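The structure appears below as structure tokens.
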Amino acid sequence: MQEMKQGAGFEIVKRKDFSDVTYLLEVRHPLMAKAAKPGQFVIVMLHEHGERIPLTIADFDRGRGTITLVIQAVGKTTKEMQQACQVGARLYGLVGPMGIPSHIGKAKKVICVGGGLGVAPIFPQARAYKESGAYVIGVVGFRTRDLVFWEDKFRACCDEFIVCTDDGSVGIKGLVTEGIKQAIATHSDIDEVVAIGPPVMMKGCAEATRAARIKTMVSLNPVMVDGTGMCGGCRVKVGDKVMFACVDGPDFDGHQVDFDDLMARLRRFVPAEKAALERWQESCRMRSRIDAVETGATDDARSAGAGAQSTRTN
Amino acid sequence: MAKKKTIRTIPQERTPVQEQDPRERAKNFTEVSLGYQRDDALREADRCLMCPDEPCVRGCPVGIDIPGFIKKISEKNFQGAYDTITDTNLLPAICGRVCPQETQCEGVCTVGDVLAPVAIGRLERWVGDLAIKEGWANIPYIERNGYKVGIVGSGPAGMACAADMAKAGCDVTVYEAFHQAGGVLKYGIPDFRLPNEVIDAEIGKLARLGIKFECNTLVGRLFTIEQMLTEMGYDAVFVGTGAGYPSFMGIPGESLNGVLSANELLTRCNLMRAKEFPDYDTPLQPGRRVAVIGAGNTAMDAMRVSLRLGAEKVYCIYRRTKKEAPARAEEIHHAEEEGIEFNWLTSPVEILDDGKKNVRGMRCIRMELGEPDDSGRRRPVPVAGSEFEFEADVVVFAIGTNANPILGQTCKLKLDKRGYIQADENLATSISGVFAGGDIVTGAATVIEAMGAGRKAAAGMKAYLGLRDTDVVYLPERAGGTGKLFGIDLSERGYARVRIA
């Protein structure tokens with residue numbers, strides 16, 4: 001009975017590919033859709049042998065009973081998910097919503113900044129601020145025009161929307177910090193900045209607002225195992241304190257966070273991660289070679305191959 | 001009837017147990033202790049004096065009828081022995097392995113006054129293992145009472161409470177945040193001490209009592225305790241979430257890569273199976289020279305796991321002496337056998353950086369014992385000028401845990417100043433219908449103490465729900481009887497307790 005419960009999994013109901021590395025998954029979990037608040041994250045396990053990876057909730061739909069995750073395929077697990085997570089497939093594990101929800105205070109004017117994989121999770125915050133009656137300036141950063149997504153969703157909840165691209169193919173040429181500087185220059189009364197993205201970007205954002213002393217909240221995503229405050233792997237230095245991002249965060253005051261420490265700790269498992277990715281890619285190459293051979297073979301061999309594949313995914 | 005046993009007539013030596021050779025086992029994750037065989041169990045059972053005052057029963061946190069089950073072993077009624085144990089403890093194969101018997105049942109054993117005490121733990125394990133092998137389960141007739149009980153946490157406290165409430169006829173659901181049930185038994189205790197198959201077999205028996213397990217559920221965040229009592233229709237809730245939040249010391253170098261908590265090391269290795277990387281995706285930084293700080297059971301587990309993961313040298317750093325070490329005697333003994341280097345009276349000062357944010361070594365200071373402190377143990381004080389450095393690439397902190405903050409953040413349960421849940425003597429909390437027990441109430445303790453708390457909370461919960469507690473037998477003489485029971489003279493009692501099974 002227990003086995004059944006554990007193996008049931010969480011169904012993927014929608015998928016959208018934004019680019020060759022960025023993809024969106026909408027997963028059915030009515031209870032979580034009801035409970036989720038901006039700023040929270042989930043932990044996903046693709047299959048029984050998988051690792052637990054934290055992902056910030058990019059959106060939730062209480063009516064449809066789903067949560068949305070936007071994922072960048074960078075390592076073994078996220079690349080494997082990119083292959084395996086088609087509509088109808090199931091995630092072995094999905095737990096959350098985790099972390100303290102973002103505090104949507106009484107700020108009257110806010111800048112919501114998203115860069116790279118942080119563009120999606122900044123969206124629920126921008127929407128929440130808009131719903132609270134604030135004037136919302138959205139700043140998002142992409143490498144180039146083709147990678148831009150959710151522009152319509154952002155425009156619907158932002159009073160001003162600034163797109164920054166590395167190559168200037170759309171919007172401002174430069175990093176999101178350029179967008180922040182522009183917004184600060186035109187508005188002298190900004191109460192708060194919220195930034196989500198890679199650590200180096202959040203560090204830049206915190207530096208960009210430090211001089212003007214604008215409260216800047218950042219969402220940290222360090223290496224985690226359980227996400228419930230039990231392993232301490234996600235500890236971060238904030239001011240003179242050590243905090244666990246999973247239960248004390250994930251939002252912290254960007255001016256207090258020691259980003260260099262965070263970035264060093266994110267490199268903890270680089271050799272193992274690299275080895276896992278190489279090994280997996282090699283196995284993918286082998287499999288495609290086998291598939292290529294089978295295409296020319298008899299129907300029997302092909303169906304045997306399909307059988308083997310389905311055992312693997314189980 | 002055989003002649004009455006005396007301390008002179010019983011086998012004088014405690015029956016030894018087969019163990020894997022230390023050099024061999026330090027390289028594998030299979031169980032260290034191979035357990036008793038049938039003849040060993042019979043011989044050891046014969047050492048019990050069946051003394052009338054039964055100190056062992058009082059020494060057991062859950063009050064197992066120890067002489068009762070040992071007697072059944074002697075009578076070769078092994079399933080009967082299993083039934084006797086499981087009347088009070090549903091998880092004998094687990095407890096027989098991980099209880100600190102030397103400070104509980106075996107610590108007060110009458111035989112132990114003169115000879116080595118009866119090996120109660122080994123006997124319990126043998127019975128539990130036999131039951132798993134034979135597929136025995138002690139499933140009583142359960143009459144449903146319509147009450148819904150929710151259990152938060154599937155560790156030992158939650159399991160014990162769930163079992164009692166299910167037996168009482170409640171509809172019980174256990175929630176677990178991880179993807180597998182078992183709590184600390186799964187993520188914390190390594191396979192060579194408690195194999196995962198044993199845990200799964202024992203959990204399977206709970207499922208046969210009708211208990212439902214819901215994994216991947218973080219109570220507090222997915223829904224709150226208050227929602228369980230209102231929207232979700234639970235009549236009572238037990239909170240057994242454990243302590244969890246690991247402590248660090250606050251010395252320089254703690255955020256270096258290569259420094260981790262024992263919880264993280266053990267969870268990666270045991271639950272996530274990083275030891276089988278890359279077949280399993282979770283990585284673990286390999287340590288060549290590993291220093292583990294602390295000398296409790298968790299520290300011993302962390303050291304012995306590190307050794308099995310391939311470390312050349314594993315050091316234990318503890319500021320007091322072996323005598324004060326909180327680990328079970330057997331664990332320290334096993335660790336010593338396997339070649340762990342113990343540094344008693346040593347305290348860490350700093351973790352040294354290799355310049356690339358990795359650990360290169362540690363600086364420690366020698367200690368000596370001074371005046372007794374609040375705990376009654378002599379306080380270790382640093383010896384001036386005794387600092388020294390040694391090489392290490394992984395440093396593990398196993399110095400205890402603090403209360404997990406999630407429930408405090410998400411519900412109105414009253415907490416004490418350290419963040420643990422406040423509970424009265426029946427383990428009822430500040431919210432009516434909510435009970436709590438185990439590490440989240442007392443702070444870090446043992447598996448069996450958590451199970452004892454789970455059972456105690458179950459008793460409180462039954463009283464709260466108005467259910468008859470089948471464990472309490474009404475004895476008029478204890479109730480200060482007047483010679484009459486319900487108006488009937490005691491001498492007229494013409495009924496017997498019938499056991500329905």
Side-chain angles (χ1 to χ4, degrees), chain A residues 1-3 5-6 10 29 31-32 34-36 40 43 45-53 76-77 80 92-101 225-233 235-237 242 244 246-248 258 260-265 267-269 271-273 275-276 279-280, chain B residues 177-181 187 200 203-204 206-208 211-218 221-224 241-248 250 254-258 260-261 263-268 271-274 276-286 356-358 397 401 404-406 409:
Chain A
M1 179 160 31
Q2 189 205 350
E3 237 68 43
K5 205 83 229 175
Q6 290 180 355
F10 302 89
H29 197 317
L31 266 181
M32 202 188 296
K34 209 173 120 196
Q40 290 185 302
I43 284 197
M45 245 180 117
L46 176 58
H47 50 65
E48 236 184 306
H49 287 218
E51 58 180 335
R52 295 169 65 89
I53 58 164
K76 190 242 169 181
T77 297
E80 197 180 358
Y92 169 73
L94 173 67
V95 57
M98 291 165 152
I100 301 173
V225 183
D226 59 299
T228 61
M230 203 202 71
C231 80
R235 60 192 190 278
V236 288
K237 281 187 189 163
V242 173
F244 289 2
C246 63
V247 288
D248 300 320
D258 183 343
D260 295 331
D261 182 71
L262 174 69
M263 286 185 269
R265 286 186 60 76
R267 290 196 295 270
R268 254 178 99 188
F269 294 108
E273 284 163 358
R279 184 176 172 273
W280 180 74
Chain B
F178 267 127
H179 50 284
Q180 286 181 13
Y187 74 73
D200 287 336
I203 289 174
L206 296 184
R208 281 172 68 180
I211 298 167
K212 294 183 281 289
F213 286 87
E214 295 270 6
C215 295
N216 289 305
T217 309
L218 181 60
R221 290 283 173 210
L222 189 59
F223 45 79
T224 63
T241 50
Y245 197 99
S247 304
F248 291 85
E254 276 179 6
S255 68
L256 294 175
N257 288 336
L260 72 171
S261 73
N263 270 3
E264 180 174 0
L265 171 73
L266 294 171
T267 305
R268 283 180 182 274
L271 177 75
M272 304 309 296
R273 312 211 80 70
E276 289 157 62
F277 183 85
D279 282 340
Y280 282 75
D281 290 339
T282 303
L284 192 55
Q285 188 179 349
K356 284 179 263 170
K357 295 271 183 191
N358 297 311
F397 279 88
T401 54
N404 188 301
I406 294 177
Q409 289 165 352

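Only a predicted model underlies this, so the values are computations on that prediction, with no experimental measurement involved. Letters A, B, ... mirror the listed sequences (proteins, then strands); counts begin at 1.
In this structure, chain B has a heavy atom under 4.5 Å from the side chain of A:Arg279, while its backbone stays farther away. Of the two parts of A:Leu94, only the backbone, made up of N, CA, C and O, holds a non-hydrogen atom closer than 4.5 Å to a non-hydrogen atom of chain B. For a residue to count as touching a neighbouring chain, one of its non-hydrogen atoms must lie under 4.5 Å from one of that chain's; by this rule B:Phe178 touches chain A with backbone and side chain alike. Contact of B:Leu266 with chain A is not made at all, since no heavy-atom distance falls under 4.5 Å. Both the backbone and the side chain of B:Gln285 come within less than 4.5 Å of a heavy atom of chain A. In this structure, chain B has no heavy atom under 4.5 Å from any part of A:Leu46. Proximity to chain A (any heavy atom under 4.5 Å) is restricted, for B:Tyr187, to the side chain, taken from C-beta onward. Both the backbone and the side chain of B:Pro278 come within less than 4.5 Å of a heavy atom in chain A. The parts of B:Leu222 that come within reach of chain A are both its backbone and its side chain, each placing non-hydrogen atoms under 4.5 angstrom from that chain.
Most heavy-atom pairs under 4.5 Å with chain B: of the set A:Ala35, A:Ala264, A:Gly227, A:Ala36, this distinction falls to A:Ala264. The most heavy-atom pairs under 4.5 Å with chain A, out of B:Arg268, B:Lys357, B:Glu254, come from B:Arg268. Interface check for chain B: of the options A:Lys76, A:Arg265, A:Glu273, the most heavy-atom pairs under 4.5 Å are formed by A:Arg265. The choice from B:Thr217, B:Asn358, B:Leu284, B:Thr224 that makes the most heavy-atom pairs within less than 4.5 Å of chain A is B:Leu284. Highest contact tally toward chain B, considering only A:Pro97, A:Gly232, A:Gly93, is held by A:Pro97 [criterion: heavy-atom pairs under 4.5 Å]. Here B:Pro246 is the residue among B:Gly258, B:Ser261, B:Pro246 with the most heavy-atom pairs under 4.5 Å with chain A. Contacts with chain B were tallied for A:Pro101, A:Pro271, A:Gly99; A:Gly99 has the most, counting heavy-atom pairs under 4.5 Å. Ranking A:Phe269, A:Trp280, A:Phe10 against chain B, the residue ahead of the rest is A:Phe269, based on heavy-atom pairs under 4.5 Å.
Taking CZ of A:Arg235 as the reference point, atom CG of B:Leu260 lies at 7.5 Å (rounded to 0.5 Å). Taking CG from B:Asn216 and OH from A:Tyr92, the interatomic distance works out to 7.5 Å, rounded to the nearest 0.5 Å. Rounding to the nearest 0.5 Å gives a distance of 7.0 Å between CE of A:Met98 and CD1 of B:Ile406. To the nearest 0.5 Å, the span separating SG on A:Cys246 from CG on B:Leu218 amounts to 10.0 Å. Taken from OG1 in A:Thr228 to CZ in B:Arg221, the straight-line distance is 11.5 Å, to the nearest 0.5 Å. The distance from atom CZ of A:Arg52 to atom CG of B:Leu271, rounded to the nearest 0.5 Å, is 7.0 Å.
Closest approach of B:Phe277 to A:Ala276, counting heavy atoms only: CZ-CB, 3.8 Å. Closest approach of A:Asp261 to B:Ser255, counting heavy atoms only: OD1-OG, 2.7 Å. For the residue pair B:Gln409 and A:Val247, the shortest heavy atom distance occurs at NE2-O, 2.8 Å. Shown here for A:Cys231 and B:Asn263, the closest heavy-atom pair between the two residues is CA-CB, 4.2 Å.
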- Item | From CA spacing to verdict: side-chain contact (heavy atoms from CB on, under 4.5 Å), A:Met45, B:Met272 | CA-CA 11 Å; A:Met45 245 180 117; B:Met272 304 309 296; 3.9 Å; yes
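Counting heavy atoms from C-beta outward, A:Glu51 and B:Pro283 have side chains that approach closer than 4.5 Å.
Ring planes of B:Phe248 and A:Phe244: perpendicular class, angle over 60° (limits at 30 and 60°). In this structure, A:His49 and B:Tyr280 have parallel ring planes: the angle between them is below the 30° cut-off, well short of the 60° mark.
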